[in-house]
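Everything below concerns the one structure shown next.
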Amino acid sequence: RPRVFSGIQPTADSFHLGNYLGALRHWVALQDSHDAFYCVVDLHAITAGHDPEVLKRRSRVAAAQLFALGIDPERSTLFVQSQVPEHPQLAWVLGCITGFGEAGRMTQFKDKSQKQGSERASVGLFTYPILQAADILLYQAHAVPVGEDQRQHLELSRDLAQRFNSLFGPTFTVPVPHIVKDTAKITDLQDPTAKMSKSSSSPAGIIDLLEDPARSAKKIRSAVTDTGREIVFDAEGKPGISNLLTIYSALSGRGIDDLVAAYDGRGYGDLKKDLAEVVREFVTPVQERTNGYLDDPAQLDKLLAQGAEKARAVAAGTLRTAYDRVGFFPPV
Ligand code: ATP
Ligand code: MG
């Protein structure tokens, strides 16, 4: 079975619909055909400042949501990144074959560091994509299910795998991005040209999986829509309504054309009301299951420790080979 690897940051108290539709639903689906490794990337989550208690809580909530969404610990390996020290150990080596200018071209770093100011932005934020490459390469992953915003980072992971292999001999599988077009970029409800984001969207712009569906309904009602009254799919000309149609279609399984036909001659208000209902139906059972996992944190931590053990068995083997190839001494 081919391998997949992907990670998600515990940078909020809930994942949002962009995370689910762009990435997590593929995580769930790929378990059927792939040997899947999924990671709550807490090392990445400290790159922009954090509070220790909040981080720990969010890592648990993240894991609980992933199990609730359908990640099956019997079939897949779900773990917390900081429990597998091989990740930063490999990242160091990859950092030494990454160009400073090459890392500086990453647009996510440019965006996020600009927001924080260059004096406050951390070196960790800068080297984040190198750690991400280590995450993926340690598991010899063939495919990486992510949203469109991660395409450039994936390209760097591929470049680093190829570079290491040609410098030191074949060691890493060169991964391919698994980006499913339809929902690869869910946009902010208040700014339909920007992506919905845990750390940069305003609360009104995000639909959180764990929020009260009445609150989601309100946000959908006040979502920015476009001029004109017609409900048509036109991502360029009508990004607001197109985003709502995308979410509606993905959650309900109804085609965009089917929805456009069904709302022919009706207003934005009707569509928004029905979409809020579709969201409520989707999130309610997810919330119940998430709470079930959170009610027993000891059991949750145990599942994660088992995941970390399985992950380490693979990661340690890859790291040993890589360290040997670069001329390091064996572990004692
Ligand atoms: P942050 O703002 O802290 O970076 P985020 O919302 O971008 O948070 P991440 O943890 O960085 O979330 O990303 C997790 C996964 O969700 C990635 O695969 C990413 O590509 C995907 N993703 C994030 N936002 C969206 C979006 N708006 N549409 C589709 N996929 C998304
Ligand atoms: Mg992100």
Side-chain angles (χ1 to χ4, degrees), residues 4-30 36-50 54-55 58-59 61-63 65-66 69 71 78 80-81 106-116 121-122 124-125 128-129 131-132 135-136 141 143-157 175-203 205-210 223 235 239-240 242-244 246-247 249-251:
V4 282
F5 175 90
S6 196
I8 188 157
Q9 301 189 74
T11 38
D13 285 312
S14 172
F15 297 145
H16 55 72
L17 277 182
N19 297 138
Y20 176 67
L21 296 176
L24 303 179
R25 67 181 177 132
H26 305 304
W27 290 24
V28 175
L30 285 164
F37 285 77
Y38 297 131
C39 188
V40 174
V41 291
D42 54 349
L43 300 183
H44 289 275
I46 68 167
T47 52
H50 77 289
V54 172
L55 178 67
R58 287 176 171 176
S59 293
V61 176
Q65 281 174 98
L66 292 171
L69 287 167
I71 301 302
L78 175 64
V80 176
Q81 188 184 27
M106 296 296 120
T107 57
Q108 179 173 296
F109 171 72
K110 288 197 256 188
D111 293 347
K112 288 191 174 179
S113 62
Q114 202 170 22
K115 266 178 205 131
Q116 293 176 25
S122 70
L125 187 65
Y128 175 121
L131 178 58
Q132 186 176 347
D135 300 339
I136 297 163
V144 186
V146 285
E148 182 60 45
D149 61 309
Q150 292 298 322
R151 190 181 288 281
Q152 192 188 29
H153 289 170
L154 252 294
E155 201 49 51
L156 180 70
S157 295
V176 296
H178 177 91
I179 299 174
V180 181
K181 271 268 167 277
D182 315 341
T183 53
K185 186 183 173 188
I186 300 299
T187 63
D188 184 313
L189 298 186
Q190 289 298 316
D191 176 5
T193 58
K195 90 168 188 97
M196 188 179 283
S197 151
K198 281 192 241 103
S199 56
S200 66
S201 292
S202 70
I206 313 189
I207 303 284
D208 277 334
L209 301 184
L210 299 185
S242 301
N243 190 42
L244 298 183
T246 298
I247 296 170
S249 168
L251 289 182

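Any value given below was found using the heavy atoms of this structure, including those in side chains, with hydrogens, waters and symmetry copies removed. Order of appearance sets the numbers: ligands from 1, and atoms from 1 within every ligand.
Under 4.0 Å is where a charged nitrogen must lie from a carboxylate oxygen, and between D188 and K195 no such pair does.
When heavy-atom distances to ligand 1 are checked against 4.0 Å, the residues falling inside are I8, Q9, T11, H16, G18, N19, G22, A23, K112, V146, G147, D149, Q150, T183, A184, K185, I186, K195, M196, S197, K198, S199, ordered by chain and number.
The backbone N or O of P192 lies less than 3.5 Å from no partner atom in the side chain of N243, so there is not a single donor-acceptor pair. Formation of a donor-acceptor pair under 3.5 Å by the T47 side chain with backbone atoms of G124 is not found in this model. For K198 (side chain) and Q9 (main-chain N/O), a donor-acceptor pair under 3.5 Å exists by modelled atom type.
Between H178 and H26, the ring planes are perpendicular. Angles over 60° get that label, and only those under 30° would be called parallel.
Of all heavy-atom pairs between I179 and A184, the closest is CG2-CB, 3.5 Å.
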